[in-house]
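Right, one structure below, let's go through it.
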2 protein chains.
Amino acid sequence: MIKRNPNSTLAFALLGLIWQEPRSGYDLRKFFSSTPMISFSDSPGAIYPALHRLELRGLVRGHVEERSGLRRRRIFQLTARGRAEFKRWQKQPVKRHDVVRNLDALMLRFAFMDQFAEKGAAFRFLKGLHKELAAYIPSLREYLISNRDYMPQAGRLALESGIQGYEAQLRWTKAAMATYGKTKGERR
Amino acid sequence: MIKRNPNSTLAFALLGLIWQEPRSGYDLRKFFSSTPMISFSDSPGAIYPALHRLELRGLVRGHVEERSGLRRRRIFQLTARGRAEFKRWQKQPVKRHDVVRNLDALMLRFAFMDQFAEKGAAFRFLKGLHKELAAYIPSLREYLISNRDYMPQAGRLALESGIQGYEAQLRWTKAAMATYGKTKGERR
DNA sequence: TAGTCCATGTAAGATGTTACATGATTCA
DNA sequence: TGAATCATGTAACATCTTACATGGACTA
């Protein structure tokens, strides 16, 4: 029977890394702890159960590596199902909800975009992200203007921090689109 | 017996809002869904259980509002323990771990800073945040420089997005410190 | 009377955190 | 021999998500 649970952000991070090259749980933990993907937990209590779930769902397959010395490692690879599921995740349209609640997951999706998604997916993703940011930022600005006088100073500043963060993201999005436009001769 | 569980980010958001003024679960849900705090879930399945936990732990107290018509509301107030717990949370030092894994919670802490924390806490918070950002950003830059050539293009771009987000946060932090310096005559 | 808003709640289920446990190998 | 590193795992616990349930009052 097919499990109908949506995979977590961690699950997709694992799938993406394993697709890049087969890796063990330990490899993945080390990757998280020693690269900017440090924003993911490298705790064994998160990673090993997540890998087992992926295996149960048929998205990865692990096999024990034979080697002398050292404790045996289980190396995981993506299955065809795993690759399909990852692609499905990558090509979902960018929703406001993602921008508001889950920007990190969105950027994770993008990070693997030109390795595993179809041609043009990265550019489409950026266009969608641009659209949602360009719609969301003014609504935050309007809230600030209307409520300035009723908000405590720190609250006001905190909101400005959020707005400026989204504005930086918007600038990045434009620059990234230009990159793809140039590199791939993509047109709107 | 005293419960030793750390409260969640949502729990502290609820405590801060209830401290501002007594509110019902419904008030809190509406606040989340209609302001930039939309980044919190307004789902009843998150909010009502969280309020019950806070009450169990003695951090809030709810009482049923008497009124004709409409269904009764339970209005919550902070207890002395709730206020103490919130202050304790606010004055924790800024750690790199917070910057890397939980920047949103950090900004929530700041958002209530000049209402409920002691004088000078906001400025100290900003100094700590500045220090951690100024230390973390170069380590991301160095990773990018060392690994540029081995990273896929989208991965590189995603990392740049993260760096630029942190840089925007750093600029904001400096500007906010200047605000407090001016307003309060605070000195380093 | 049907729909919408006010208002609070629970149930099932998955995921994540922290802490603990274990065992092999290498190196000082 | 003790410490560090490689390597995988489990247990307890809390929290969150989604979906469902309920019921009063207002209004078109």
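One can place CZ of B:R74 at 17 Å from C1' of C:dC6, the figure rounded to the nearest angstrom. Residue A:H52 contributes atom NE2, which lies 15 Å from atom C1' of C:dG16 at whole-angstrom precision. As a whole-Å value, the separation of B:D42 CG from C:dT8 P is 14 Å. Rounded to an integer number of Å, the gap from OH of B:Y48 to P of C:dC6 is 12 Å. The nearest whole Å value for the distance from the CZ atom in A:F32 to the P atom in C:dG16 is 10 Å. When rounded to the nearest whole Å, the span between CD1 of A:I47 and C1' of D:dT10 equals 16 Å. What separates OH of B:Y26 from C1' of C:dC6 is a distance of 5 Å, to the nearest Å. As a whole-Å value, the separation of B:N7 CG from D:dA14 P is 12 Å.
Distances shorter than 4.0 Å separate some side-chain N or O of B:S41 from OP1 or OP2 on D:dT17. The side chain of A:R73 contributes no N or O atom lying less than 4.0 Å from OP1 or OP2 of C:dG23. Contact check, A:R53 against C:dT15: a side-chain N or O comes under 4.0 Å of OP1 or OP2. The side chain of B:S43 contributes no N or O atom lying less than 4.0 Å from OP1 or OP2 of D:dT18.
Partner of B:L14 under the side chain to side chain contact (heavy atoms under 4.5 Å, CB included) criterion, out of B:V60, B:L54, B:L78: B:L54 alone.
Within 4.0 Å (heavy atoms only), A:S8 reaches sugar-phosphate atoms of the nucleic acid but no base atom. Residue B:R29 is in base contact, counting any heavy-atom pair closer than 4.0 Å across all strands shown. Among the atoms of the strands shown, only primed sugar atoms or phosphate atoms (P, OP1, OP2) are found under 4.0 Å from some heavy atom of A:G25.
In this structure, the side chain of B:R81 does not engage the main chain of B:L59 through any donor-acceptor pair within 3.5 Å. Side-chain N or O atoms of A:W172 include none that pairs as donor or acceptor with a backbone N or O of B:G162 at under 3.5 Å.
Counting only heavy atoms from C-beta on, B:R101 has its side chain closest to C:dT17 among D:dT17, D:dT8, C:dT17. The side chain of B:P44 lies closest to C:dT8, out of D:dG9, C:dT8, D:dT5.
Applying the ring pair (Phe, Tyr, Trp, His ring centres under 6.0 Å) test to B:F12 and every residue at least two apart in sequence or in another chain returns B:W89. Under the ring pair (Phe, Tyr, Trp, His ring centres under 6.0 Å) criterion, A:F31 pairs with no residue at all, not counting sequence neighbours.
Both B:E65 and B:H97 lie near DNA chain C, and the one whose nearest nucleotide falls closer to the 5' end is B:E65.
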